[in-house]
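Down below is the structure, laid out as structure tokens.
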Protein chains: 2
Amino acid sequence: MIDGHSIAGIIDVAADAGVSPTTVSHALSGKRAVSAKTRLKIQESVARLNYQPNLVARGLRSQRTHTIALLVADISNPYYPEVASGVHDVLTRDGYLPFVCNTNGVAEAERTFLAEFVARSVDGIIMHPMALAPAEIRFIVGRRVPVVIIGEDDGSHSVDFVRSDDRTGISAGVSYLHDQGHRSIGFISGPVGIGPGDARLISFRLAVAALGLRTDDEWIARGPYTRDGGLDAGARILASSTPPTAIMCANDLIAIGAMDAARAAGLAIPSDIAIIGCDNIGIADLVSPRLTTIDNNARGVGIACAETLLLRIADGPDAVARHTALPTRLVIRQSA
Amino acid sequence: MIDGHSIAGIIDVAADAGVSPTTVSHALSGKRAVSAKTRLKIQESVARLNYQPNLVARGLRSQRTHTIALLVADISNPYYPEVASGVHDVLTRDGYLPFVCNTNGVAEAERTFLAEFVARSVDGIIMHPMALAPAEIRFIVGRRVPVVIIGEDDGSHSVDFVRSDDRTGISAGVSYLHDQGHRSIGFISGPVGIGPGDARLISFRLAVAALGLRTDDEWIARGPYTRDGGLDAGARILASSTPPTAIMCANDLIAIGAMDAARAAGLAIPSDIAIIGCDNIGIADLVSPRLTTIDNNARGVGIACAETLLLRIADGPDAVARHTALPTRLVIRQSA
DNA sequence: GCCCCCTTGCAAATCGATTTGTACAACCTT
DNA sequence: AAGGTTGTACAAATCGATTTGCAAGGGGGC
């Protein structure tokens, strides 16, 4: 009895119950009526033989594999596991299983995986493209398998998009600082054209302008999305002629670097200078002081992607595309 | 031309090239000889029609899906993405695609997913069990699909195991503290019977005894694997009659909590008290002072699991089981 | 009592590839 | 020149389920 799971097929069940495979299939799927008596017999046989339908065979015949693919840049980047977790929870509840693959942001890898997903007849793809444009994705995948793209939409009516709306959270952050009495606020963004920094800087400028606050170019700095990047940029801002009393950052790593810079300058956080990050990665709650930051709701993005995909699968390829923007929110801790 | 990918099957390719489907299959798989001339014709047709074999159909016939499953407790726990990344990189290189699923440590979820993997004919399973014993896993899965288990082996000769060997790293940590002049070292473990804390505490005791150091029960504390758990336990140790000059912790979150406790007691790190964590999660490099910790080589574990699984697939179920223990290593930063 | 319809179950086709058995030809061997 | 070997391609069976078309039996309406 090494094998808890014998290799019974639907034919074995049919033989055991004294009916045809057809009847077994109908009894189990409910797609056609089966008398209560035979259904009972079949259920007994199923239990006795420990029958489990071969899902590969089912997938081939029914053209539905109940499989989806999640394609991200790097699963070990703390943002993606949150997304994956949301996707996973929604989809497994409906009997889907997710393939999870990394592209490392390489265009050729994105193309290769997409083609492989099509060859494997996945029922849907959720993807955060780094190198491919939505049009090319659509071209590779074709109309047969639905795609939900994480990121800014390109106005297309045939692809679903989900993104988090940085504006709401950043605006809340600026308002919060304003309420605390801050009138001079700086911002550290990422390198030009790379990542979400540009969009977040724009959101920041809008929010500051909306409150009628003064801005100063010396209070804006850029650097890589790392702790060291934040340290450098933060030091530059603090060295300006009249430094701001608060700094917002394009991500949490930069914010942690900015805290280093503040400490190095002998400033106390948040009494001398307030700092707010972006992303609310797990780390944010573990540094000292605990980082006030903007939660971009990664898990919510995953959930929304999965739900959007399920709707698309149900509605077919001709339904109008959904473009979802999830609100972000300020998480107030100790650094501001 | 919305569809970059037409729906050509092997029959279409055969018709286009003027040969039989059999010949196409053999030309592409190389399992039987095909003359150079026809092979060329076929390759042209494949390219023209953009043919990609349906991998579901192939999987059904060949009984190999080139699919594996990775079953973990929680993909958003920073340990697992590292493992997943290692698994992913090795397996995708060989044409496998990984399903990634979470169990949240619930026994019933572990059982359900294992059964589903079998039903889907995955070629292998890599699993970090939380609630199920190896024997039960073996029982559910049967002999048909190979399993690699992450964790302590149970002496079985039929299941492959991979684990990281805490002893090497913890011993290195204790030696390092000893070299720095510490003669009284405490340890904060997790709750009894849960997680890796017990094993790590044993390794710690062995290392301390090997150096002939004195131990004191007041220097050992337990608590949940969280920052707050570390704060509590750390405070208790520091309140003992003669507190130690260094504390090792069963994981990094506990270590961060212990640093909080030290600060609360007015102690400077590492001059007044040295602290060493375990796991080297991404956070460890971001707290202040940067946490000295023991890297358990999560990515290496993933790589080893994948390689072990590939070997098992190649060797068949009767080959002797491999039990691998990967060395851990001390990462020296600022907290010790 | 006759006819029709509805329920129930089976046989056979199907999904799209791989794999096996076989036929035909050409080329060697003796 | 007869017999044997090798190379090449095809037809048919196969993987394990779902799905469709059809037949037999039972019940109800008129």
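In what follows, chains are A, B, ... by sequence order, proteins preceding strands, each numbered from 1. Model, not experiment: these values are computed from the prediction. The figures here come from the full heavy-atom set of this structure, side chains too, leaving out hydrogens, waters and symmetry mates.
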(message) If the helix axis at each end comes from five base pairs, how far does the helix from dG1(C)-dC30(D) to dT30(C)-dA1(D) deviate from straight, to 10°?
(response) 40°
(message) What range of DNA chain C does chain A touch, first nucleotide to last, counting atoms under 4.0 Å from its heavy atoms?
(response) dT8(C) to dG16(C)
(request) Not counting sequence neighbours, list each pair that qualifies as a salt bridge (Lys or Arg N to Asp or Glu O under 4.0 Å) and has a residue in residues 110-126 of chain B. (result) E108(B)-R111(B), R111(B)-E136(B), E116(B)-R120(B)
(message) Does anything in residues 318-327 of chain A form a salt bridge (Lys or Arg N to Asp or Glu O under 4.0 Å)? List the pairs, not counting sequence neighbours.
(response) R143(A)-D318(A), D315(A)-R322(A)
(request) Anything under 30° is parallel, anything over 60° is perpendicular, the rest tilted; go ahead and classify H66(B) against Y96(B). (result) tilted
(message) If you assign N54(B) and T23(A) each to the DNA chain C nucleotide with the nearest heavy atom, which residue ends up on the more 5' nucleotide?
(response) T23(A)
(request) Enumerate the residues from residues 31-43 of chain B whose closest heavy atom to DNA chain D is under 4.0 Å, giving them by residue number; use none for an empty result. (result) R32(B), A33(B), V34(B), S35(B), T38(B)
(message) If you assign A57(B) and V24(A) each to the DNA chain D nucleotide with the nearest heavy atom, which residue ends up on the more 5' nucleotide?
(response) A57(B)
(request) For D74(B), check salt bridge (charged side-chain N to carboxylate O under 4.0 Å, His left out) against everything at least two apart and list the hits. (result) none
(request) Any salt bridge (Lys or Arg N to Asp or Glu O under 4.0 Å) involving residues 25-44 of chain B? Give me the pairs, sequence neighbours left out, ordered by first then second residue. (result) none
(message) If the condition is side-chain contact (heavy atoms from CB on, under 4.5 Å), which residues does Q63(B) pass it with, not counting sequence neighbours?
(response) none
(message) Test of understanding: with salt bridge (charged side-chain N to carboxylate O under 4.0 Å, His left out), list the residues that count as partners of E82(A), not counting sequence neighbours.
(response) none
(request) Using the test side-chain contact (heavy atoms from CB on, under 4.5 Å), find all partners of H323(B) that sit at least two apart in sequence or belong to another chain. (result) D153(B), F161(B), A321(B)
(message) Can you pull out every salt bridge (Lys or Arg N to Asp or Glu O under 4.0 Å) where at least one residue sits in residues 84-99 of chain B? Sequence neighbours excluded, please.
(response) D89(B)-R299(B)
(request) With sequence neighbours left out, write down each residue that passes salt bridge (charged side-chain N to carboxylate O under 4.0 Å, His left out) with R163(B), or none if nothing qualifies. (result) E152(B), D165(B)
